[in-house]
Amino acid sequence: GESVGLHLPTLSVQEGDNSIINCAYSNSASDYFIWYKQESGKGPQFIIDIRSNMDKRQGQRVTVLLNKTVKHLSLQIAATQPGDSAVYFCAETGYGQNFVFGPGTRLSVLP
Amino acid sequence: AAGVIQSPRHLIKEKRETATLKCYPIPRHDTVYWYQQGPGQDPQFLISFYEKMQSDKGSIPDRFSAQQFSDYHSELNMSSLELGDSALYFCASSLGVHGNPLHFGNGTRLTVT
């Protein structure tokens, strides 16, 4: 399959540890944010979203934090598993705007 | 659950040829987006359609065109292909144009030789 993210920043974590992936966004008018996971040869897969009226949202093993003051978004993955290895993108949008994707981070889970 | 279907999965074309990529959105989704992703790059927005009308346009070359049909499927037509057009092309669909996530297909890998 296609190899995605050949030269992306890489975060390496031990299996079972928690992972934190960060994203800085630029548009202060953005009000809706999504984290996507992309595995090799596949399209981006929705993980979790958050709206600008929230600071934190939790899903199954994942938490997204939004800091509008510094325009920062983070994705926390609890008890990271080998299946979490992928490239992670944040995406932002505002009303009347299209989604803009961040540069992506490759997560590598070490056994 | 039904997902976004893209065809073909792989396509090899020569320079100056044309290509047509197809996208079938998730049932009841009325908005379709096309993105281009080069190696090691984030997806770049090309064009989107809402209720069969173009809703926004991004970095789509003039050699490319797209449309959304009455059954909501979409086609991306690419002419006078160049080597630099080699990339993954993703289609995504959503319900409405704002406030709902995009759901992506698995893409078409276009190779121009």
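Every chain is numbered from 1, with letters handed out A, B, ... down the list of sequences. Since we're looking at a predicted model, the values are computed, not measured.
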Which heavy-atom pair separates [X] from [Y] by the least distance, and what is that distance?
X        : Y       : value
B:Ser48  : A:Asn98 : OG-OD1, 3.8 Å
A:Gly43  : B:Phe90 : CA-CE2, 3.2 Å
A:Gly102 : B:Asp42 : O-CB, 3.0 Å
B:Leu102 : A:Ile34 : N-CD1, 4.2 Å

More than 12 non-hydrogen atoms from neighbouring residues, nucleotides or ligands closer than 6.0 Å to [atom1] on [X], yes or no?
X       : atom1 : value
A:Asn53 : CG    : yes
B:Lys13 : NZ    : yes
B:Ile12 : CD1   : no
A:Tyr95 : OH    : no
A:Lys56 : NZ    : no

Looking at B:Ser55, B:Gly107, B:Pro101, B:Gly3, which makes the most heavy-atom pairs under 4.5 Å with chain A?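 Sorted descending by pairs with chain A, the first entry is B:Pro101.
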Aromatic plane relationship, B:His98 with A:Tyr32 - under 30° parallel, 30 to 60° tilted, over 60° perpendicular: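 Correct class here is perpendicular.
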Under 3.5 Å donor-acceptor, A:Arg51 side chain and B:Gly99 backbone: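 Checked: pair present.
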Group every Ile, Leu, Val, Met, Phe, Trp and Tyr by side-chain heavy-atom contacts under 4.5 Å, then state whether [X] and [Y] land in the same group.
X       : Y       : result
B:Met78 : B:Leu83 : yes
B:Ile5  : B:Tyr72 : no
A:Val70 : A:Ile20 : no

Looking at [atom1] of [X] and [atom2] of [Y], how far apart are the two atoms once the value is rounded to the nearest 0.5 Å?
X        : Y       : atom1 : atom2 : answer
B:Asn100 : A:Thr93 : CG    : OG1   : 11.0 Å
A:Phe101 : B:Gln41 : CZ    : CD    : 14.0 Å
A:Lys42  : B:Leu88 : NZ    : CG    : 14.0 Å

Per-residue contact mode, A:Phe99 against chain B (heavy atom under 4.5 angstrom):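 For A:Phe99, heavy atoms of backbone and side chain both lie under 4.5 Å from chain B.
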Strictly under 6.0 Å, is that where the ring centroids of B:Phe104 and A:Tyr36 end up?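 Aromatic pair counts; centres sit under 6.0 Å.
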